[in-house]
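Have a look at the structure below, then the notes.
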Amino acid sequence: MPLSTQSQADDEQYVLVASLDNARNLSNILKAITFKDHAIFNATPNGLKVTVEDSKCLQANAFIQAEIFQEFTIKEDSVGFQVNLTVLLDCLNIFGGSTAPGVSTALRMCYKGYGHPLTLFLEEGGVVTVCKINTQEPEEPVDFDFCSTNVTNKVILQSESLKEAFSELDMTSEVLQITMSPSQPYFRLSTFGNSGNAHYDYPKDSDMMELFRCTKTQTNRYKMSLLKPSTKALALSCKVSVRTDSRGFLSLQYLVRNDDGQICFVEYFCCPDEDVEEE
């Protein structure tokens with residue numbers, strides 16, 4: 001691949017270099033968290049974590065492990081910057097994001113450090129395009145303080161079954177109500193929209209349910225406007241883990257396989273809606 005023939009001297013100046021034979025493996029996962037213009041990138045030797053937030057109520061994280069890249073070189077313990085995600089995606093798809101078999105865009109992503117742009121070298125069919133995207137100092141992401149020790153309920157579902165539920169519920173509803181319980185209805189999704197109330201129940205022994213671990217009955221409501229961005233990740237995923245903690249905060253973890261069959265994770269955190277009157 002021509003991009004790898006860049007001289008070693010070029011590499012010396014970068015604190016981060018990440019290469020992919022197929023740029024779609026990065027652009028697809030970034031599309032799953034694109035609901036605001038700006039994203040915080042944090043690179044460590046383990047890989048890349050990309051965070052997008054909305055008004056301290058919703059946070060999405062994409063985790064792209066170092067092994068997914070053909071080359072992943074980092075010279076510091078941690079490298080962080082903020083970029084315009086919309087611009088980055090436009091650059092990654094500069095060749096049209098071809099899905100034709102055997103045609104892929106190779107990517108080499110380089111960063112010199114604080115104050116420098118993020119430089120993308122994209123190559124397809126022998127044509128190389130260089131994009132430079134301005135970076136900003138990263139803001140500190142909101143800490144939702146969601147830790148596994150405080151998780152009260154957890155289910156793992158096949159993504160198909162959650163897609164089916166969303167297609168049958170009334171998405172004009174302002175909230176999605178989630179009930180998780182050791183007894184019936186076990187796991188229930190409810191909406192309260194223009195066409196009335198709708199419920200979608202999962203038996204705990206359903207084929208679609210890979211794990212059911214509920215310690216107490218919890219019913220929480222979440223603003224539909226906050227949850228809608230996560231359907232992008234749902235569309236790409238094959239499994240989803242739904243967890244709630246003792247405060248009612250929601251974690252949706254999506255397992256996404258890329259074109260090469262490798263696994264990435266996308267996680268959404270959403271705070272419960274406190275303005276809702278009990279029915």
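Sequence positions, counted from 1, serve as the residue numbers for this chain.
With a 6.0 Å cutoff to the six-membered ring centre and a 45° limit on the axis angle, Arg108 does not count as a cation-pi contact of Tyr14.
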Exercise. Should Val15 and His116 be marked as a side chain to side chain contact (heavy atoms under 4.5 Å, CB included) after you check the CA-CA gap, both sets of side-chain angles, and the distance that decides it?
Worked result: CA-CA 11 Å; Val15 295; His116 289 279; over 6 Å; no

Exercise. Side chain to side chain contact (heavy atoms under 4.5 Å, CB included) between Val175 and Met224: does it pass, once the steps are laid out?
Worked result: CA-CA 5 Å; Val175 294; Met224 195 68 88; 6.0 Å; no

For this session: Show your reasoning for whether side chain to side chain contact (heavy atoms under 4.5 Å, CB included) applies to Asn28 and Val256.
Result: CA-CA 10 Å; Asn28 277 352; Val256 178; over 6 Å; no

Exercise. Between Val151 and Thr215, is a side chain to side chain contact (heavy atoms under 4.5 Å, CB included) present by the stated rule, with each step listed?
Worked result: CA-CA 9 Å; Val151 169; Thr215 58; over 6 Å; no

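Taking a 6.0 Å sphere around CD of Glu174, one finds it holds 12 or fewer heavy atoms contributed by other residues, nucleotides or ligands. Open room surrounds CD on Glu139; 12 or fewer heavy atoms of other groups in view lie less than 6.0 Å from it.
Using a 4.5 Å heavy-atom cutoff, the side chains of Tyr222 and Asp273 are not in contact. Tyr202 has its side chain within reach of Leu189: a pair of non-hydrogen atoms, C-beta onward, lies under 4.5 Å apart. With a 4.5 Å cut-off on side-chain heavy atoms, Phe69 and Ile64 count as touching. With contacts defined as side-chain heavy-atom distances shorter than 4.5 Å, the pair Pro272/Leu250 does not qualify. Inter-residue side-chain proximity for Tyr186 and Ser181 is flagged as unmet; no heavy-atom pair is nearer than 4.5 Å. Put simply, the side chain of Leu255 does not reach to within 4.5 Å of the side chain of Ser237, judged on heavy atoms. By the 4.5 Å heavy-atom criterion applied to side chains, Leu236 and Val266 are not counted as neighbours. Inter-residue side-chain proximity for Cys270 and Leu252 is flagged as unmet; no heavy-atom pair is nearer than 4.5 Å.
With hydrogens and angles disregarded, no donor-acceptor distance shorter than 3.5 Å links the side chain of Ser27 to the backbone of Leu92. No donor-acceptor pair closer than 3.5 Å links the side chain of Ser104 to the backbone N or O of Asn22.
Residues in residues 206-218 take part in these salt bridge (charged side-chain N to carboxylate O under 4.0 Å, His left out) pairs, two or more places apart or across chains: Glu210-Lys239. Applying the salt bridge (charged side-chain N to carboxylate O under 4.0 Å, His left out) test to residues at least two apart or on different chains, the pairs with a partner in residues 184-196 are Arg188-Asp201.
Between Tyr200 and Ser161, the shortest heavy-atom contact is OH-O, 4.2 Å. Across all their heavy atoms, Ser190 and His199 have their closest contact at OG-ND1, 2.7 Å. Residues Leu85 and Ile33 approach most closely at CD2-O, 4.2 Å, considering heavy atoms. Of all the heavy atoms in Phe72 and Ala66, the pair that sits closest is CD2-CB, 3.8 Å. Shown here for Ala233 and Tyr268, the closest heavy-atom pair between the two residues is CB-CE1, 4.0 Å. Taking all atoms of both residues into account, the shortest heavy-atom contact from Glu267 to Ser251 is OE2-OG, 2.8 Å.
Ring pair Phe146/Phe269 is tilted by interplanar angle, where 30° to 60° counts as tilted. By the 30° and 60° cut-offs, the orientation of the rings of Phe81 relative to Tyr111 is tilted.
For the atom pair OG1 (Thr135) and CG (Asn84), the distance works out to 12.0 Å, reported to the nearest 0.5 Å. Between the CD atom of Gln70 and the CG atom of Leu107 there is a distance of 10.0 Å, given to the nearest 0.5 Å. One distance of note links CZ of Arg243 with OG1 of Thr152; it measures 11.0 Å at 0.5 Å rounding. Atom CZ of residue Phe212 and atom CG of residue Asn153 lie 7.5 Å apart, to the nearest 0.5 angstrom. The structure places CG of Asp170 at 11.5 Å from CG of Leu176, a figure rounded to the nearest 0.5 Å. Here Tyr254 contributes atom OH and Lys232 contributes atom NZ; the two are 12.5 Å apart, rounded to the nearest 0.5 Å.
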Could you pull out every donor-acceptor pair under 3.5 Å between side chains of residues 48-57 and any protein atom, sequence neighbours left out?
from	atom 1	to	atom 2	distance (Å)
Thr51	OG1	Asn61	OD1	2.6
Glu53	OE2	Gln59	NE2	2.6
Glu53	OE2	Val142	N	2.6

Just list the side-chain donor-acceptor pairs under 3.5 Å for residues 35-42, sequence neighbours left out, or say none.
from	atom 1	to	atom 2	distance (Å)
Asp37	OD1	Thr86	OG1	2.9
Asn42	OD1	Ser78	OG	3.0

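Following chains of ILVMFWY side-chain contacts shorter than 4.5 Å, one cannot reach Val242 starting from Ile156, and the two form parts of different hydrophobic clusters. Each of Leu58 and Phe265 belongs to its own hydrophobic cluster when Ile, Leu, Val, Met, Phe, Trp and Tyr are linked at side-chain heavy-atom distances under 4.5 angstrom. Note on Met208: it does not cluster hydrophobically with Ile178, by side-chain heavy-atom contacts below 4.5 Å among ILVMFWY residues. Linking ILVMFWY residues whenever their side-chain heavy atoms come closer than 4.5 Å, directly or via other members, places Ile263 and Phe63 in the same cluster.
Counted by atom type alone, Glu124 and Thr105 present one or more donor-acceptor pairs between their side chains at under 3.5 Å. Checking Asp260 against Asn25 by side-chain atom types alone, a donor-acceptor pair falls below 3.5 Å. In the model, Thr219 has no side-chain atom that pairs as donor or acceptor with a side-chain atom of Gln177 under 3.5 Å.
Listed by chain and residue number, Asp245 satisfy the salt bridge (Lys or Arg N to Asp or Glu O under 4.0 Å) test with Arg247 (two or more places apart in sequence, or in another chain). Checked against salt bridge (Lys or Arg N to Asp or Glu O under 4.0 Å), Asp90 has no partners two or more places apart in sequence or in another chain.
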